Amino acid sequence: SLVLVLMACIILLPFYSNAQEGKIEYQQATILYKNQSSARTWIDVTSLFSKGRLSYRDSANQSISPRNVYSVTIDSNVYLFKTIKNRKDSVAVVVTAIEGKVSIYTPPFVSGIEAFFAEKDGDSYQLLQKVVIKDDRKFIRNEFRQFLQTFFTDCPVITKEKVDRVSFAEKSILRIVSEYNAQCGWEKKNMSEAYKPTFQFGVQLEGIHYNSTK
């Protein structure tokens, strides 16, 4: 009846308003800083996971730069803050997919090749396939393969031909990184079997980045 419909609308209105306003949700977290000090505080997890930003309930902490943060732990889940070398002045909030001589990181709760990061010797890079426009023509630049080839130069088993066959897909990249670690390095953690890739059509355009914190 019309009365029931009106009552349902009245009940759902507050939930709709909160969703529209982007309701802040604070949770208690342990912050580990790069100087090895730590703090227990409340942070806005919505901002952390959707934008890669640290927003504290305590205004006294707001001036702390994300570049000084090593990790945030919430309910035993660890989220790392990584400075991305090929993104100017950028910090990404990530979780570990593979931890080894070469490590792979992805966004929290999100799988998607548009936000895939690799690290070796403490330097982290975003793995990208870009569309480059030159003379009004579009070209695909497989930048991710260049990084992988550089990472694997100390491993004759992982040849250039093998890297050239790696597709721009999560599982493909995870497999070759794990193979490198097994053949020429070490591996402490591998979540690739639990990783659920997304299907992406097209490639990333220059200038579009996940959770870039300036």
Side-chain angles (χ1 to χ4, degrees), residues 18-128 147 151 170 173-174 177 181 185-198 207-214:
N18 287 335
Q20 292 295 101
E21 293 171 4
K23 184 179 180 182
I24 296 174
E25 181 186 351
Y26 289 106
Q27 286 191 28
Q28 206 167 25
T30 299
I31 314 293
L32 179 62
Y33 300 99
K34 290 182 178 177
N35 64 5
Q36 298 302 306
S37 65
S38 62
R40 187 76 172 158
T41 186
W42 291 82
I43 64 170
D44 177 3
V45 293
T46 303
S47 178
L48 179 69
F49 296 139
S50 64
K51 301 177 182 177
R53 295 176 184 171
L54 263 181
S55 180
Y56 300 87
R57 188 171 70 178
D58 179 4
S59 58
N61 290 321
Q62 297 294 356
S63 61
I64 298 174
S65 170
R67 299 182 72 87
N68 296 326
V69 175
Y70 176 76
S71 68
V72 172
T73 302
I74 304 171
D75 295 332
S76 76
N77 297 309
V78 180
Y79 308 99
L80 302 172
F81 281 59
K82 292 288 181 180
T83 299
I84 309 304
K85 301 286 284 187
N86 59 331
R87 293 188 345 188
K88 186 179 179 181
D89 192 29
S90 177
V91 176
V93 181
V94 296
V95 293
T96 305
I98 292 178
E99 180 182 357
K101 189 173 181 180
V102 171
S103 298
I104 294 291
Y105 303 101
T106 65
F109 308 126
V110 178
S111 53
I113 197 66
E114 71 277 5
F116 222 55
F117 307 93
E119 179 180 271
K120 186 178 183 183
D121 298 329
D123 291 332
S124 300
Y125 299 87
Q126 184 170 4
L127 299 181
L128 296 170
F147 284 112
F151 287 168
E170 297 104 307
I173 293 171
L174 288 166
V177 168
N181 288 337
W186 55 273
E187 198 164 270
K188 182 179 177 182
K189 179 180 180 180
N190 191 325
M191 299 296 292
S192 59
E193 292 302 318
Y195 188 81
K196 297 179 179 179
T198 57
I208 300 176
H209 300 306
Y210 161 79
N211 72 1
S212 180
T213 303
K214 298 294 184 182

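Because the structure is predicted, anything quoted here is derived from the model rather than measured. Starting from 1, each residue takes its place in the sequence as its number.
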I want to check something: taking the side chain as every heavy atom from C-beta on, are Ile43 and Leu54 in contact at a cut-off of under 4.5 Å?
yes

Mind listing the closest non-hydrogen atom pair of Ala115 and Gln126 along with its distance?
CA-NE2, 4.1 Å

Rounded distance [0.5 Å steps], NZ in Lys189 versus CD1 in Ile104:
13.5 Å

If I compare all heavy atoms of Lys82 with all of Ser124, which pair ends up nearest, and what's the gap?
CD-OG, 3.8 Å

Would a distance-only check, ignoring hydrogens and angles, find a side-chain to backbone donor-acceptor pair under 3.5 Å from Asn181 to Val102?
yes

Leu80 and Ser71: which non-hydrogen atoms are nearest, and at how many Å?
CD2-CB, 3.9 Å

Stepwise side chain to side chain contact (heavy atoms under 4.5 Å, CB included) test for Val72 and Phe81:
CA-CA 8 Å; Val72 172; Phe81 281 59; 3.4 Å; yes

Please name the pair of heavy atoms, one in Ile74 and one in Ala29, separated by the smallest distance, quoted to 0.1 Å.
CG1-CB, 3.7 Å

Flag side-chain contact, heavy atom, 4.5 Å: Tyr105 against Thr96
yes

Separation between CZ of Arg67 and NZ of Lys34, rounded to the nearest 0.5 Å:
7.0 Å

So which atom in Phe117 and which in Ala92 form the shortest heavy-atom distance, rounded to 0.1 Å?
CZ-CB, 3.9 Å

Nearest non-hydrogen partners of Ser37 and Asn35, listed with the distance:
OG-OD1, 2.6 Å

Non-hydrogen side-chain atoms of Asn86 and Leu128 separated by less than 4.5 Å:
yes

Tell me, do Thr106 and Phe116 make a side-chain contact under 4.5 Å, heavy atoms counted?
yes

Could you check whether any side-chain N or O of Lys120 sits under 3.5 Å from a backbone N or O of Phe151, counting only pairs where one atom can act as donor and the other as acceptor?
yes

Side-chain heavy atoms of Phe147 within contact of Lys85, under 4.5 Å:
no

Does some side-chain heavy atom of Thr73 sit less than 4.5 Å from a side-chain heavy atom of Leu32?
no

Just how far is it from atom CD of Gln27 to atom CG of Leu48, taken to the nearest 0.5 Å?
10.0 Å

Check: Asp44 side chain, Thr46 main-chain N or O, donor-acceptor pair, under 3.5 Å
yes

When you look at NZ of Lys188, are more than 12 heavy atoms from neighbouring residues, nucleotides or ligands closer to it than 6.0 Å?
no

If we only count heavy atoms from C-beta on, is the Thr41 to Arg57 side-chain gap below 4.5 Å?
no

Is the shortest side-chain heavy-atom distance between Val45 and Tyr26 below 4.5 Å?
no

Lys101 side, atom NZ; Glu187 side, atom CD - distance, nearest 0.5 Å:
13.0 Å

